[in-house]
Amino acid sequence: MRIDRRGFAKSLSAGTAGVMVARWTAPVTCVATAQTVALKDLVPRGWLIGVALNQRQSDGIDATAVDLVTRQFNSVTPENLLKFESVQRQPGVFTFDAQDRYVAFGADRGMAVIGHTLVWHSQTPGWVWAGNGGGLADRATMLERMQTHIATVVGRYKGRIRGWDVVNEALNDDGTLRDSPWRRGIGDEYIAKAFEFANQADPNAELYYNDFNLATRPGKRAGAIRIIRDLQQRGLRIDAVGEQGHWRLDSPTTTEIDQTITELRATGLAVMITELDVNLLPPAERPAPGQPPSPASNPFVNGLPDDVQQALARRYADAFGVFLKHRDDITRVTFWGVSDGDSWLNRGRVNHPLLWDRQRQPKRAFDEVARVLSETSTSSR
Ligand code: XIL
């Protein structure tokens, strides 16, 4: 049964009130209530709500996560499988088996399947940029490699992958173009070329520019807008811009998020939050290999204290409040991982950045996101 958002708001607040009263007498939680609702049923009409899958999930091995993803989301992104190094580790040798299973995973469930990512400085094998003499390949060679890769990968999933992060992370924090090997080999035009090749390979796929820190760094945001305008002036197609959304509890502020969506949307493009998570750990150097992280850098090994759990829930509620204010500007929000245990933000420590905990139970942050979505007027759905 599809629960409408108003009806859900009532049932959730009734449930929550019950918890308030019952908390000291019986271990009732609103988790059970929350589990019966699906984010995909609560988001505004036309919105995609997505999640990044790791290979154990898209292969169907992690059955608990598969069940959760199937119930909650209507879009998926591959966490690593469609990166250059996963698809074409050796020149001309393309690997597509796990990739095909990922695309089938989404297609079987009627989800919007996202492609991530075609042109990036990271997780790309060195041969892509290498010339014969040990230096960089010449421009024509590098362009040829880019085109072959894009034509092969985008072409294979033509009509089945809804949209592609064509270029990922091309900017420095100050808004200048990153000194990536793609740029060194091809020149600034490498971005335009990537969009041109992607459009040729699938004229019906949506094409995105994706980057991080667009909300915290106004200069970087301006750089993203310059990239978008440049593509538009060249008559090339770009359909949306993604702010990754790797955020912290206090940064970016909701004002910065609001402003960022407004400014990006002013280019005429749709805005997507493409890799949302909230890092709760203090910044810290990686410990030497084999060494454990210092206790100070890893404060939540034994779980999240109540106040931080609450702060995380409030943070997500506030962020979704801003997203909903921009419900006509935003077309997709994707979380970067299913549950806390899956997150790339652990990296040897114990982080808690997502809506589901390590036991795959919904956290208070889930309840809050569901509540904020359900309290929003149903008029736009
Ligand atoms: C991360 C993955 O989550 C990790 O598993 C991998 O080891 C490194 O990459 N920006 C991006 C994503 O665009 O592709 C990155 O994903 C996170 C940062």
Side-chain angles (χ1 to χ4, degrees), residues 52-53 55 58 76-104 106 113-132 134-171 177-211 227 230-231 234 236-240 242 244 274-275:
L53 301 182
Q55 195 183 332
S58 49
V76 284
T77 302
E79 187 174 2
N80 289 298
L81 273 177
L82 284 172
K83 293 172 179 176
F84 206 124
E85 68 175 13
S86 308
V87 171
Q88 196 188 175
R89 178 161 281 287
Q90 303 292 333
V93 184
F94 288 84
T95 310
F96 283 123
D97 24 329
Q99 289 72 6
D100 288 353
R101 291 195 294 275
Y102 158 74
V103 173
V113 180
I114 305 302
H116 173 83
T117 178
L118 297 168
V119 172
W120 191 22
H121 63 276
S122 181
Q123 294 184 272
T124 303
W127 68 259
V128 174
W129 306 302
N132 292 331
L136 274 186
D138 61 71
R139 186 173 192 272
T141 303
M142 214 185 276
L143 273 172
E144 208 270 318
R145 289 172 184 167
M146 179 194 271
Q147 179 161 29
T148 301
H149 184 78
I150 292 178
T152 309
V153 184
V154 176
R156 183 178 185 90
Y157 300 115
K158 191 174 172 178
R160 287 192 292 156
I161 286 197
R162 166 89 61 109
W164 280 97
D165 289 332
V166 177
V167 175
N168 199 33
E169 301 182 353
L171 291 161
L177 287 181
R178 186 192 286 270
D179 183 32
S180 101
W182 285 118
R183 177 167 176 248
R184 270 183 271 137
I186 298 172
D188 294 358
E189 214 194 355
Y190 87 92
I191 298 174
K193 283 294 180 189
F195 278 83
E196 188 185 317
F197 297 150
N199 180 60
Q200 280 165 8
D202 185 352
N204 293 316
E206 294 176 0
L207 308 180
Y208 317 134
Y209 176 71
N210 195 51
D211 214 327
I227 288 176
D230 176 68
L231 293 170
R234 290 170 189 261
L236 291 167
R237 192 165 60 79
I238 172 168
D239 300 287
Q244 292 180 1
T274 53
E275 305 183 12

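Predicted, not measured: the structure shown is a model, and the values here were computed from it. The figures here come from the full heavy-atom set of this structure, side chains too, leaving out hydrogens, waters and symmetry mates.
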For this session: Using salt bridge (charged side-chain N to carboxylate O under 4.0 Å, His left out) as the criterion, list what pairs up with Arg156, not counting sequence neighbours.
Result: Asp100
Exercise. Once the angle between the rings of Phe94 and Phe96 is folded into 0 to 90°, is it parallel (under 30°), tilted (30 to 60°) or perpendicular (over 60°)?
Worked result: parallel
For this session: Applying side-chain hydrogen bond (donor to acceptor under 3.5 Å, both in side chains), name anything that partners Thr148, two or more places apart in sequence or on another chain.
Result: Glu144
Counting only pairs under 3.5 Å, give me each side-chain donor-acceptor contact of residues 190-197, with atom names and distances, residues two or more places apart or in other chains.
unit_1 : atom_1 : unit_2 : atom_2 : d
Lys193 : NZ     : Glu196 : OE1    : 3.4

Exercise. Could you give the distance from CG (Asn199) to CH2 (Trp164), rounded to the nearest 0.5 Å?
Worked result: 14.5 Å
Exercise. Can you name the residues that form a side-chain contact (heavy atoms from CB on, under 4.5 Å) with Asp97, not counting sequence neighbours?
Worked result: Thr95, Arg101
For this session: Kindly write out the residues that satisfy side-chain hydrogen bond (donor to acceptor under 3.5 Å, both in side chains) with Asn168, not counting sequence neighbours, or none if the list is empty.
Result: Asn210, Gln244
Problem set entry | Non-hydrogen side-chain atoms of Ile161 and Val154 separated by less than 4.5 Å | no
Problem set entry | CA sep, side-chain torsions, deciding dist, call: Trp182, Leu177, side chain to side chain contact (heavy atoms under 4.5 Å, CB included) | CA-CA 11 Å; Trp182 285 118; Leu177 287 181; over 6 Å; no
Problem set entry | Gap between atom OG1 of Thr152 and atom CD of Gln147 - 0.5 Å precision | 9.5 Å
For this session: For residues Lys158 and Ala201, report the shortest heavy-atom separation together with the two atoms involved.
Result: CD-O, 3.7 Å
For this session: Answer whether the closest heavy-atom distance between the side chains of Gln123 and Thr117 falls below 4.5 Å.
Result: no
Problem set entry | CZ-CG distance between Arg145 and Leu143, expressed to the nearest 0.5 angstrom | 11.0 Å
For this session: Only one of Val166, Leu207, Leu231 passes side chain to side chain contact (heavy atoms under 4.5 Å, CB included) with Arg237; say which it is.
Result: Leu207
Exercise. Looking at residues at least two apart in the chain, or sitting in another chain, which of them share a salt bridge (charged side-chain N to carboxylate O under 4.0 Å, His left out) with Asp202?
Worked result: none
Problem set entry | Option passing side chain to side chain contact (heavy atoms under 4.5 Å, CB included) with Thr77 (candidates Leu82, Thr274, Ile114, Val113) | Ile114
Problem set entry | Sidechain-backbone polar pair: Tyr102 side chain, Leu53 backbone, donor-acceptor under 3.5 Å | no
Seminar exercise, completed: Taken in chain and number order and not counting sequence neighbours, the residues that satisfy side-chain hydrogen bond (donor to acceptor under 3.5 Å, both in side chains) with Asp230 are Arg234
For this session: Give the intermediate values and the outcome of side chain to side chain contact (heavy atoms under 4.5 Å, CB included) for residues Arg183 and Asp188.
Result: CA-CA 6 Å; Arg183 177 167 176 248; Asp188 294 358; 2.7 Å; yes
Problem set entry | Heavy-atom side-chain proximity of Asn80 to Gln55 below 4.5 angstrom | no
Exercise. Quick one: side-chain contact (heavy atoms from CB on, under 4.5 Å) partners of Ala130, sequence neighbours excluded?
Worked result: none
For this session: Identify the heavy atoms of Trp120 and Thr124 that sit nearest to each other, and give their distance.
Result: O-OG1, 3.0 Å
For this session: Could you walk me through whether Val153 and Gln88 pass side chain to side chain contact (heavy atoms under 4.5 Å, CB included), step by step?
Result: CA-CA 9 Å; Val153 184; Gln88 196 188 175; over 6 Å; no
For this session: Please name all residues satisfying side-chain hydrogen bond (donor to acceptor under 3.5 Å, both in side chains) with Thr141, sequence neighbours left out, ordered by chain then number.
Result: Asp138
Seminar exercise, completed: Between Met142 and Val128 the two heavy atoms that sit nearest each other are CG-O, 4.0 Å
Exercise. Does a side-chain heavy-atom distance below 4.5 Å link Ile150 with Val119?
Worked result: yes
Problem set entry | Partners passing side-chain contact (heavy atoms from CB on, under 4.5 Å) against Pro91 (at least two apart in sequence or in another chain) | Trp127
Exercise. Can you check whether Gly185's main-chain N or O pairs, donor with acceptor, with Arg139's side chain at less than 3.5 Å?
Worked result: no
Exercise. Who pairs with Arg178 by side-chain contact (heavy atoms from CB on, under 4.5 Å), at least two apart in sequence or on another chain?
Worked result: His121, Glu169, Asn172, Ser180, Phe212
For this session: Enter the distance from Leu118:CG to His149:NE2 here, rounded to the nearest 0.5 Å.
Result: 6.0 Å
